[in-house]
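The structure appears below as structure tokens.
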Amino acid sequence: MAVKVDRIMLRYFVPFGFECKDEKMFDNAVDMIKSRVGSEENKKSPQNDFYKNINELYNKDNPSGIGRHISVKNDILPSLISKDKSHKADIKKAGVYLHRNGLGVFWYEVSPDESITENTDTLYEFQSSFKELAIYKNSFLWQKAEKRKFEFTSETGSKKIITDKNDIEELAKASGFETENKTLEKAVILENGKAFIEYSEFSEFHQGLWIYNLLKNLKGLHFIPERYKKETHEPIPDKALLCNYSLFSADSDDDRMDYIFRMTSGYNKNYSRVEDIDKNALRPFGNVWWYAKKEGIGQYVLIDGTEKNLDFHRRLALERMENYCLLYVLVLQQHYSLIEYSERIGKLSAVMKGRKQKDNLREMRKCSEDMNVFFMKNTFPAVSHISHQNDVYKYLKEIYQINEFYDETKNGLLAVTDMVEKYHSEKSSDRLFLYTIIGAFFVFAETFVNSATIVSMFGKESEGTALWWAGVLGIMGVSVVMAFVIWLIWKRCKK
């Protein structure tokens, strides 16, 4: 076999946004999620070397933290089975990150059975299919299996447990129990004549709707990116982002690179691998590859038959998954928050003139302040006391181009703000110019009237000839000045 999987952990991440203008709205969102899906915990990774401030980012007792984490209750996590009953997968755990800036991340961990993991082609198909949240028809048509009991009365007086499928079906038929879309597991007959059949009943399961129903009470909920259910126009997430941890062996370098590429991207064999994994991956150790794309991330540990540290790698699997998932959430929060800011700026820049210009400028300044505060509180030059964790964090930031995205978004905002401020300044200058013209007009008008009065008073008297000429010259001067003012107004309007 080209690739053999010793252990694999699969997590899926779904970014979303919600309305959060102040701390009260944030607390309401936290309370709503807690009442809907589970209980809040101080989200803290297992034993790690992260800085104290990183470990306390989601601590509910930390008022300066960037958000909170709520764990989803186990009893609402479904067990899944494919419609042909050939594959099973359990959603083992899930949680919700809520951030104070209105960005959230829903995550869940899936455990596929050996029928999926023992063959890499099937595993690739599973990964490709399971990340698609808005598609109803795909390779694995999943159903949700719910454990239930059917109680009835038996004439048998002795206690008996029946596990044979044929015997259970005969008992179900005799008791009038409909078995379609159900898997019968066992029948129990008690001494008092009471009896019951334990079974699993299957119903259609749609991942996107499952996630939407858990989060739908959040005000202003939207997924990034999202689609809409045709029948009800409900928003549902489009795709999940992937996060893997895997111990595996491979027959060749090409098999190894193919496995890393497909599991990280969620691509099946229909896609060609065109990049050099070794060139683009981060390798903190000789047998470990950290590989990231916009579709997901993964840590892959290559083992062989002589691997002395196999038990060590198996034992640390959960710890590594928890630690690096935290770093992934931090980078996702930075990336998608910047997208939200970019869209917010785009909406503002569309309004450049009119009565809303002051509100537009005020909102742009607020957006700039929000971005500065966000970048100061939510991005970190380093996260850990050990170098390879810092290397992974920087690597993920490079893949998602956090610094470049921030600089471009910030520069775009500054450019638009300068444009609006210039427009606002020109408007203010125009008003000042207009007020100056009006004031000058009244001064000139008064001078004109005074000059005309002098002309009328002394126009026929020889002793007033000098004053008469002064009045005439005053009128001519005022006329020249008014003509010059009119010329200035014409030149300004021409601009």
Side-chain angles (χ1 to χ4, degrees), residues 12-37 40 43 57-58 65-70 72 94-108 131 133-134 207-229 232-241 243 294-296 325 328-350 363-364 366-375 377-379 400-402 405-406 409-410 412-413:
Y12 302 83
F13 291 76
V14 181
F16 63 89
F18 62 98
E19 189 173 341
C20 186
K21 296 180 180 178
D22 51 41
E23 192 67 17
K24 183 177 180 181
M25 292 187 73
F26 176 72
D27 290 338
N28 289 339
V30 171
D31 291 339
M32 191 286 297
I33 291 294
K34 285 165 62 176
S35 65
R36 181 79 177 169
V37 305
E40 185 177 10
K43 185 60 181 174
L57 288 174
Y58 298 98
I66 64 173
R68 307 269 273 276
H69 178 267
I70 297 95
V72 177
V96 183
Y97 287 93
L98 295 176
H99 298 97
R100 285 183 162 83
N101 68 336
L103 195 284
V105 178
F106 179 82
W107 68 271
Y108 52 104
K131 73 172 185 178
L133 306 180
Q207 291 183 77
L209 286 179
W210 174 65
I211 296 170
Y212 166 74
N213 286 328
L214 292 177
L215 305 175
K216 65 181 180 181
N217 290 340
L218 281 172
K219 189 175 182 180
L221 174 67
H222 60 280
F223 296 98
I224 315 171
E226 68 182 358
R227 296 289 184 267
Y228 294 92
K229 187 181 177 184
T232 61
H233 206 64
E234 295 169 324
I236 53 177
D238 182 29
K239 289 178 174 62
L241 302 170
C243 181
K294 290 295 179 63
E295 294 87 347
C325 279
Y328 191 37
V329 169
L330 293 181
V331 173
L332 289 180
Q333 194 243 356
Q334 295 166 23
H335 175 71
Y336 287 102
S337 293
L338 288 172
I339 290 178
E340 294 277 281
Y341 283 122
S342 179
E343 292 177 353
R344 181 174 159 189
I345 294 166
K347 292 176 183 177
L348 289 170
S349 62
E363 183 61 25
M364 285 182 178
K366 185 178 185 305
C367 187
S368 180
E369 292 173 1
D370 291 346
M371 281 188 64
N372 288 334
V373 172
F374 167 80
F375 204 73
K377 290 191 66 174
N378 295 267
T379 60
Y400 280 90
Q401 299 174 298
I402 300 299
F405 199 173
Y406 173 79
T409 305
K410 185 69 176 177
L413 177 60

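A heavy-atom distance below 4.5 Å is found between the side chains of Leu338 and Met371.
In terms of heavy atoms, Tyr328 sits closest to Gly296 at OH-CA, 3.6 Å. Pairing each heavy atom of Leu241 with each of Pro15, the nearest pair is CD1-CG, 4.0 Å. Here the shortest heavy-atom pairing between Lys21 and Met25 reads N-SD, 3.5 Å. The shortest heavy-atom contact between Gly65 and Lys377 is O-NZ, 4.4 Å. The nearest pair of heavy atoms linking Cys325 to Cys243 is SG-SG, 3.5 Å.
Tyr336 is linked by a side-chain hydrogen bond (donor to acceptor under 3.5 Å, both in side chains) to nothing, counting only residues two or more places apart in sequence or in another chain. In terms of the side chain to side chain contact (heavy atoms under 4.5 Å, CB included) criterion, residue partners of Ala240 (sequence neighbours excluded) are, by chain and number, Tyr12, Val14, Tyr108, Leu133. The salt bridge (Lys or Arg N to Asp or Glu O under 4.0 Å) test applied to Lys24 returns no partner, not counting sequence neighbours. Residues forming a salt bridge (Lys or Arg N to Asp or Glu O under 4.0 Å) with Glu295 (at least two apart in sequence, or on another chain): none. Remark: Asp370 pairs with Arg344, Lys366 by the salt bridge (Lys or Arg N to Asp or Glu O under 4.0 Å) rule, at least two apart or across chains. Considering only residues two or more places apart in sequence or on other chains, Cys20 meets the side chain to side chain contact (heavy atoms under 4.5 Å, CB included) condition with Phe18, Phe26. Under the ring pair (Phe, Tyr, Trp, His ring centres under 6.0 Å) criterion, Phe374 pairs with Tyr341, not counting sequence neighbours. Under the ring pair (Phe, Tyr, Trp, His ring centres under 6.0 Å) criterion, Tyr400 pairs with His335, sequence neighbours left out. Taking the side chain to side chain contact (heavy atoms under 4.5 Å, CB included) definition, one finds that Asn217 meets it with Met32, Arg36, sequence neighbours left out. When the salt bridge (Lys or Arg N to Asp or Glu O under 4.0 Å) test is applied to Arg100, the partners found at least two apart in sequence or on another chain are Glu23.
The distance from the CD1 atom of Ile402 to the CD atom of Gln333 is 9.5 Å, given to the nearest 0.5 Å. To the nearest 0.5 Å, the span separating CD on Gln334 from NE2 on His99 amounts to 9.5 Å. With rounding to the nearest 0.5 angstrom, the CG atom of Leu221 is 7.5 Å from the CD atom of Glu226. Distance OH/Tyr406 to OG/Ser337: 13.0 Å, rounded to 0.5 Å. The distance from the CG atom of Leu98 to the OH atom of Tyr58 is 10.0 Å, given to the nearest 0.5 Å. Interatomic distance, CD1 of Ile33 versus CG of Leu218, reported as 4.0 Å (0.5 Å rounding).
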Review point. What do the steps show when you test Asn101 against Asn378 for side-chain contact (heavy atoms from CB on, under 4.5 Å), and what is the final call?
Key: CA-CA 10 Å; Asn101 68 336; Asn378 295 267; 5.9 Å; no
Check your understanding: Can you check side-chain contact (heavy atoms from CB on, under 4.5 Å) on Leu332 and Leu103, steps first, answer last?
Key -> CA-CA 10 Å; Leu332 289 180; Leu103 195 284; over 6 Å; no
**Study point:** side-chain contact (heavy atoms from CB on, under 4.5 Å) between Val329 and His69, worked out
**Key:** CA-CA 11 Å; Val329 169; His69 178 267; over 6 Å; no
Review point. How far apart are the C-alpha atoms of Lys294 and Gln401, what are their side-chain angles, what is the distance that settles it, and do they pass the side-chain contact (heavy atoms from CB on, under 4.5 Å) test?
Key: CA-CA 10 Å; Lys294 290 295 179 63; Gln401 299 174 298; 4.0 Å; yes
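Ring to ring, Phe106 and Phe16 are not that close: their centroids are 6.0 angstrom or more apart.
Under the salt bridge (charged side-chain N to carboxylate O under 4.0 Å, His left out) criterion, no residue pair touches residues 211-224, with sequence neighbours excluded.
When atom types are taken as modelled, the side chain of Ser35 and the backbone of Asp31 share a donor-acceptor pair closer than 3.5 angstrom.
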